[in-house]
Amino acid sequence: QLFETLLLLNVMRMKRKTHNCLPEIILFALQIYLIIRRFSACRLERTPQGGEWLLSGIICINILMLGCALVSSSAFNVVAITPVHRQIFLITLLVLTMLWMLFYMVVTSREDRAVLFKDRHAGPVWLKAGLVLFGLLSFLMDIFKIATYVGYLHCDSPVKVAYPIVQAVFLFFQTYFLWFHSRDCVQLHTNLTRCGLTLTLSTNLVVWMAAVTEESIQRYDSCTEVLSSNYGAKKCTCSHMACETFKEAFYYLYPFNIEYSLFASAMTYIMWKNVGRIVDHHKHHKFNFYVKDVFVGPVAGLLLVVAGLVIFVLYKINILKEDKEKRNKALLIHFIMNIVIVSLMSLSTMIGCIIYRLDRREYVSDKNPTRSLDVGLLVASSLGQFIISYFSLVATVATGAQGYLNVLNLAWAVVLVVEIGLQNYFIIEGLHRQPINVMQANARAFQDHTEMANDVEGQISRYSISKKPSWKRRVLREVCAFLLLANIILWIMPAFGARPQFDHSAEIYFYNYTMWNAIVNIGLPFGIFYRMHAVASLFEVYLRD
């Protein structure tokens with residue numbers, strides 16, 4: 001600014017000394033230049049990076065609100081807003097999202113200046129592998145849906161066949177897109193990229209809401225009721241014999257489709273946060289996965305998984321029977337098994353938290369959108385299980401907790417709240433601790449400077465550069481491995497149909513069915529996602545220790 005002011009004054013002096021028009025032209029050009037500079041500076045000040053997120057955020061919120069309204073309307077009002085209207089809306093979103101992803105892959109990512117940096121923390125291989133696995137099972141679900149709805153083409157809308165076809169193509173597009181571009185930090189077409197990413201994010205969330213709604217409707221409605229609500233008085237019947245088989249098959253694949261949408265939403269959100277970001281590649285540290293010196297945690301976790309699967313199968317067999325005694329026995333075994341699993345998880349988590357207190361490792365201070373998202377999703381999704389547990393706790397205490405099933409239900413709610421709180425603390429601590437391999441690298445660097453050896457002697461002794469891990473690290477790995485497998489079985493049971501919240505009638509009598517059904521259908525999907533997200537976070541904590 002000082003240089004510009006001096007230059008302007010010199011030109012004005014030249015103008016006073018001479019009477020030709022050249023200084024006037026130069027002065028006019030300089031004035032135009034200074035105006036442009038001032039305008040650009042004001043624009044940069046008034047349009048910070050936060051303003052660039054605004055348009056994409058507005059798009060995301062509006063799509064989500066409209067999608068939520070349509071999904072809810074099609075679930076509760078099958079006359080004015082039918083499932084066909086919802087599927088037409090979803091097809092439109094899927095096609096628009098695929099067109100944007102095609103534009104990104106063909107135009108944006110091929111530009112030399114478009115992607116100058118990669119976020120090495122985003123899109124790890126294990127997360128991509130989970131996305132591909134859930135995508136394949138979701139693709140299989142769409143195949144079963146197509147085979148089912150083809151049998152009703154003679155008496156129903158072809159949109160019901162078109163939607164799973166479009167969704168199957170979308171699965172291929174999005175999985176390919178996220179596999180190769182989830183680490184991109186886009187520097188070109190930033191506003192368009194943000195809007196496209198929020199479109200992708202909101203599309204996945206609306207598809208998730210639709211899948212949760214469809215799964216809830218099919219869980220509580222019989223086949224006859226579904227057909228009568230969908231096809232009215234036409235009494236539409238399937239044209240081939242395998243309809244019921246395919247319908248049962250894709251019903252059990254809904255959990256994988258739900259998890260796929262949430263995985264894709266998380267990866268898309270990271271891409272959105274990384275738009276325009278400049279990443280320092282020197283801060284990236286490679287984590288190696290190995291199971292050496294870890295035995296107790298994996299073995300105990302596998303035993304819990306096997307025992308949980310056996311109890312789950314027995315529960316599903318006996319809970320459908322009309323004999324009340326067998327139903328109560330199934331609930332008794334289910335409650336006891338869950339209390340044992342959650343209690344062991346709480347105990348192991350407490351051990352891990354104590355080890356963290358003893359192992360005074362440094363905290364990671366650099367900004368990391370992936371880690372921030374992991375923590376946010378962990379805390380937010382755990383609220384779903386908290387809601388169910390506290391409502392169940394209040395209902396059981398208020399009714400006097402009479403009978404052994406009510407006592408077990410109360411104990412399960414209390415222990416579950418304790419376990420989730422401890423596990424959240426353990427995972428968040430682990431994600432924010434400095435990785436062991438980084439501390440070892442720092443110790444080696446300090447050892448290379450002999451004049452600093454005395455000052456860092458304690459640190460080098462704590463983080464030994466030998467390959468054999470310390471007992472603290474071994475205990476932390478055992479805890480992570482056990483919690484990881486325990487969360488898997490706690491994900492499997494509710495995801496595939498274990499619903500003691502409805503099979504045990506204490507809360508239904510206390511709150512009435514409508515209110516309790518709303519509480520469970522809101523909280524349970526988040527609780528299921530919490531277990532799967534905890535598995536992913538624990539795996540990363542395991543790699544860090």
Side-chain angles (χ1 to χ4, degrees), residues 119-138 174-175 178-179 182-183 201 204-205 208 255-271 273-274 285-291 294 297-298 301 304-305 345 348-349 352 364 368-385 419-420 422-433 435 476-477 479-495 525-545:
D119 183 3
R120 301 299 177 184
H121 296 284
V125 175
W126 56 268
L127 185 59
K128 292 179 179 178
L131 185 77
V132 171
L133 176 62
F134 291 139
L136 289 174
L137 293 171
S138 300
Q174 182 168 252
T175 304
L178 292 176
W179 182 275
S182 60
R183 297 180 174 181
L201 172 63
N204 279 285
L205 291 176
W208 170 74
F256 300 107
N257 181 243
I258 291 170
E259 295 299 331
Y260 174 85
S261 298
L262 292 174
F263 268 49
S265 299
M267 296 175 73
T268 305
Y269 175 80
I270 294 299
M271 286 189 66
K273 291 290 289 184
N274 280 332
H285 305 286
K286 185 177 180 180
F287 300 125
N288 297 318
F289 174 72
Y290 49 89
V291 293
V294 180
L304 277 187
V305 171
M345 291 174 68
S348 60
T349 308
V364 179
N368 187 338
T370 305
R371 184 175 60 245
S372 301
L373 177 64
D374 286 339
V375 173
L377 288 177
L378 192 75
V379 175
S381 58
S382 64
L383 295 178
Q385 190 60 62
E419 182 270 328
I420 291 176
L422 288 173
Q423 183 170 260
N424 284 350
Y425 177 81
F426 175 78
I427 293 175
I428 293 172
E429 280 283 310
L431 292 176
H432 285 86
R433 296 280 179 139
L476 287 174
R477 289 184 198 150
V479 170
C480 290
F482 175 76
L483 291 176
L484 189 150
L485 293 169
N487 277 281
I488 289 177
I489 189 59
L490 290 180
W491 173 78
I492 290 174
M493 288 192 283
F526 289 99
I528 293 172
F529 173 72
Y530 170 78
R531 294 300 174 185
M532 182 53 65
H533 186 64
V535 170
S537 300
L538 285 165
F539 187 78
E540 184 170 351
V541 174
Y542 181 92
L543 296 179
R544 287 172 168 267
D545 289 326

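We number each residue from 1, following the sequence as shown.
Interatomic distance, CD1 of Ile270 versus CZ of Arg183, reported as 12.5 Å (0.5 Å rounding). Distance check: Leu378 CG to Tyr425 OH gives 14.0 Å after rounding to the nearest 0.5 Å. Rounded to the nearest 0.5 Å, atoms OG (Ser261) and CG (Asn204) are 5.5 Å apart. Summarising the geometry, atom CG belonging to Leu201 is positioned 11.5 Å from atom CE belonging to Met271; distances are rounded to the nearest 0.5 Å. The distance from atom CZ of Arg477 to atom CG of Leu543, rounded to the nearest 0.5 Å, is 10.0 Å. Phe263 contributes atom CZ, which lies 9.0 Å from atom CG of Leu133 (distance to the nearest 0.5 angstrom).
At a threshold of 4.5 Å between non-hydrogen side-chain atoms, the residues Met345 and Leu490 count as touching. For the pair Phe426/Cys480, a side-chain contact is recorded, criterion being any heavy-atom separation below 4.5 Å from C-beta on. Between Leu304 and Phe482, the closest side-chain pair of non-hydrogen atoms falls below 4.5 Å. Counting heavy atoms from C-beta on, the side chains of Trp491 and Val535 never come closer than 4.5 Å. Side chains of Ile258 and Ile528 form no contact here, defined as non-hydrogen atoms less than 4.5 Å apart. A heavy-atom distance below 4.5 Å is not found between the side chains of Lys128 and Leu178. Side-chain contact between Ile420 and Asn424 is present, with at least one heavy-atom pair separated by less than 4.5 Å. Considering only heavy atoms from C-beta on, Leu137 stays 4.5 Å or farther from Asn257 through its side chain.
Remark: the Asn274 side chain and the Tyr269 side chain contain no N/O donor-acceptor pair separated by less than 3.5 Å. Residues Tyr260 and Thr175 bring a donor and an acceptor atom of their side chains to less than 3.5 Å of each other.
Counted within 6.0 Å of CZ on Phe256, heavy atoms from surrounding residues, nucleotides or ligands total more than 12; the atom is thus considered enclosed.
Within the 3.5 Å criterion, the main-chain N or O of Trp179 finds no donor-acceptor partner in the side chain of Ser182. Proximity of a side-chain donor or acceptor of His533 to a complementary backbone N or O of Asp374 within less than 3.5 Å is detected.
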Go through it in stages, so that I can follow the logic: the residues are Glu419 and Arg531, the test is salt bridge (charged side-chain N to carboxylate O under 4.0 Å, His left out), and I'd like the CA-CA distance, side-chain angles, deciding distance and then a yes or no.
CA-CA 12 Å; Glu419 182 270 328; Arg531 294 300 174 185; 3.1 Å; yes
Quick one: do Val375 and Ile427 satisfy side chain to side chain contact (heavy atoms under 4.5 Å, CB included)? Show the steps, please.
CA-CA 8 Å; Val375 173; Ile427 293 175; over 6 Å; no
Stepwise side chain to side chain contact (heavy atoms under 4.5 Å, CB included) test for Leu483 and Val479:
CA-CA 6 Å; Leu483 291 176; Val479 170; 3.8 Å; yes
Run Val541 and Arg433 through side chain to side chain contact (heavy atoms under 4.5 Å, CB included) and show every step you take.
CA-CA 9 Å; Val541 174; Arg433 296 280 179 139; over 6 Å; no
Dump the intermediate steps for side chain to side chain contact (heavy atoms under 4.5 Å, CB included) on Phe529 and Leu377, then the final yes or no.
CA-CA 9 Å; Phe529 173 72; Leu377 288 177; 4.2 Å; yes
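For Phe134 and Trp208, the ring centers sit 6.0 Å or farther from each other.
Between Leu431 and Ser537, the closest heavy-atom pair is CD2-O, 4.2 Å. Closest approach of Ala495 and Pro255 over heavy atoms only: O-CG, 2.9 Å. Nearest heavy-atom pair across Ser265 and Leu205 is OG-CD2, 3.6 Å.
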